[in-house]
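Here's the structure, in structure tokens; my notes come after.
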Number of protein chains: 2
Amino acid sequence: MSPVRVLLADDEHLIRGALAALLALEDDLLVVAEAASGPEALAMARAHRPDVAVLDLQMPGADGVSVATTLRAELPDCKTMIVTSHGRPGHLKRALAAGVRAFAPKTVSAQRLAELIRTVHAGGRYVDPELAADAISAGDSPLTAREAEVLELAGDGAPIAEIAERASLSQGTVRNYLSSAATKLGAENRHTAVRLARERGWV
Amino acid sequence: MSPVRVLLADDEHLIRGALAALLALEDDLLVVAEAASGPEALAMARAHRPDVAVLDLQMPGADGVSVATTLRAELPDCKTMIVTSHGRPGHLKRALAAGVRAFAPKTVSAQRLAELIRTVHAGGRYVDPELAADAISAGDSPLTAREAEVLELAGDGAPIAEIAERASLSQGTVRNYLSSAATKLGAENRHTAVRLARERGWV
DNA sequence: CGGGCCTCCTGACAAATGTCATCGCCGGCC
DNA sequence: GGCCGGCGATGACATTTGTCAGGAGGCCCG
């Protein structure tokens, strides 16, 4: 039986290299390509057509989920899985919506990762139980589309005037949206609201 | 010649395990202990007295720099080095002040890391050139001690009243410090000031 | 068709925040 | 000693922000 062809994408060379070395010890897995950024991962995938793509969530250029989305469209036979250090509930949801087959934190062992690659290649799915529990307890975003949009623009601490301009909205409207968003999130001001929404992965 | 005894501290099991496996290939290096958190790293260091401690910057409990500080006091013979994913200029400065012998991003290869461990063990020092350049161009923090402290408390978007209480200061004083800090950083409000200070590693 | 929800807006008011001037106290430095 | 800078505070003021009420239009669904 031919080995599972794996693409490894992570911007941290140390991890990527170490991982490649460890996976090489498994004789049914073959790392055919490595990438250090989102665009590079896409290029590598197109060139090598791996069976499974292991993607880091945070990479320069394009994050793991958007890479997975593109991959799903271009190479439907290539299964994707996400490995991340900071697992936010909302990311998990986005990832699953993008057709990702597995979602695991970097706290898993290499042994476990190898098993996951096999599982995914065999058509299975996997979601870290703890992350799944978080996602369920966090529930769906209570924010409307505009609320989330405005909250995102408020992300870097910009004043209302700037947010209004960038969203092409009136300042009053922006304040209303921010206020209702903060109320829904139980925050006392928009800045903590942004933080909470980020933690839950809703922005 | 006896091998270099290494302590590995990183909260991501995947990386720690992979790293341990790779370093095990070097016959002059011996990983004698692993830790997944700051306190655990300290305990392991006390128990195993390694020659070199490789510390991740962000860990639960206590970050790499504070672990290094304690280690320097308790085990002066144990050389420390920091490996991190997000290298901020200020972190580098703090680390060097804490007696850290080497500071490298996780984008280095395992091979390079092994060399660094040897260098550090031999009494040498190393700082990633790019990080060093950033640190130099970022310059010193223009903030006074209190300004930095108050700015840090403002980090999670707390209202002035809460900051004042936690810093045991008057609300007016807090507002003055935040105002001057924001002015020095060229920010239009404290939230962007916090962001800027974080980017430069001044908080 | 009516009700409910989202999207925008306006206006008004209260609270939080940013800014400035000013003060006293202390410590270091020329 | 005089000067400067940091620390801590107060008070006053303008601005920004949060909150509330309400209105117009649109869309979907029973």
Side-chain angles (χ1 to χ4, degrees), chain A residues 90 93-94 97 138-203, chain B residues 90 93-94 97 138-203:
Chain A
K93 212 159 283 190
R94 277 201 309 141
D140 272 333
S141 170
L143 304 175
T144 69
R146 291 285 179 248
E147 282 166 356
E149 182 189 337
V150 171
L151 208 51
E152 198 167 358
L153 287 174
D156 50 354
I160 299 265
E162 192 181 318
I163 301 172
E165 192 185 357
R166 294 210 288 181
S168 301
L169 288 176
S170 130
Q171 297 197 11
T173 306
V174 169
R175 285 195 286 168
N176 285 338
Y177 281 155
L178 287 176
S179 179
S180 69
T183 303
K184 284 177 181 174
L185 295 174
E188 31 191 26
N189 60 47
R190 64 205 164 102
H191 303 287
T192 63
V194 168
R195 195 169 49 80
L196 289 174
R198 285 229 174 101
E199 282 172 9
R200 292 169 171 71
W202 289 339
V203 291
Chain B
K93 212 159 284 191
R94 278 200 309 141
D140 272 332
S141 169
L143 304 175
T144 69
R146 292 286 181 255
E147 283 166 357
E149 182 191 337
V150 171
L151 208 51
E152 197 166 0
L153 287 173
D156 50 355
I160 299 264
E162 193 181 318
I163 301 172
E165 192 184 356
R166 295 211 289 181
S168 301
L169 287 176
S170 132
Q171 297 197 11
T173 306
V174 169
R175 285 194 285 168
N176 286 339
Y177 281 154
L178 287 176
S179 179
S180 69
T183 304
K184 284 177 181 174
L185 295 174
E188 31 190 25
N189 60 46
R190 64 206 165 101
H191 304 286
T192 62
V194 167
R195 194 169 49 81
L196 289 173
R198 284 228 174 100
E199 283 173 7
R200 292 168 172 70
W202 290 338
V203 291

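In this text, all values refer to a predicted model and were calculated from it rather than measured experimentally. Chain letters run A, B, ... following the sequence lines, proteins first and then strands; every chain starts at 1.
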> Rounded to the nearest 0.5 Å, what separation is found between the OG1 atom of Thr192(B) and the CD atom of Glu199(B)?
Replying inline: 10.0 Å
>> If I take atom CD1 in residue Ile163(A) and atom C1' in nucleotide dT17(D), what distance separates them, rounded to the nearest angstrom?
In response: 11 Å
>> Distance check, rounded to the nearest 0.5 Å: Arg195(B) atom CZ versus Leu151(B) atom CG?
In response: 12.0 Å
> Counting only heavy atoms not in Glu165(A), do more than 12 fall under 6.0 Å of its CD?
Replying inline: no
> Can you check the Asn189(B) CG to dG18(D) P distance for me, whole Å?
Replying inline: 11 Å
>> In this structure, how many angstroms lie between the C1' atom of dA16(C) and the CD atom of Glu188(A), rounded?
In response: 11 Å
>> Tell me whether Ser179(A) contacts the main-chain N or O of Arg175(A) through its side chain, where contact means a donor paired with an acceptor under 3.5 Å.
In response: no
> Could you run down nucleotides 7-12 of chain D 5' to 3' and tag each one B, S or - for protein heavy-atom contact under 4.0 Å?
Replying inline: SBBB-B
> Roughly how many Å is it from CD1 in Ile160(A) to P in dT17(C), rounded to a whole number?
Replying inline: 13 Å
>> As an exercise, state the distance from CD of Glu147(A) to CG of Leu185(A), rounded to the nearest 0.5 Å.
In response: 8.5 Å
> CG/Leu169(A) to OH/Tyr177(A) distance, rounded to the nearest 0.5 angstrom?
Replying inline: 6.5 Å
> Rounded to the Å, how far apart are Leu143(A) CG and dC5(C) C1'?
Replying inline: 15 Å
> Rounding to a whole Å, what distance do you find between Leu178(A):CG and dC8(C):P?
Replying inline: 14 Å
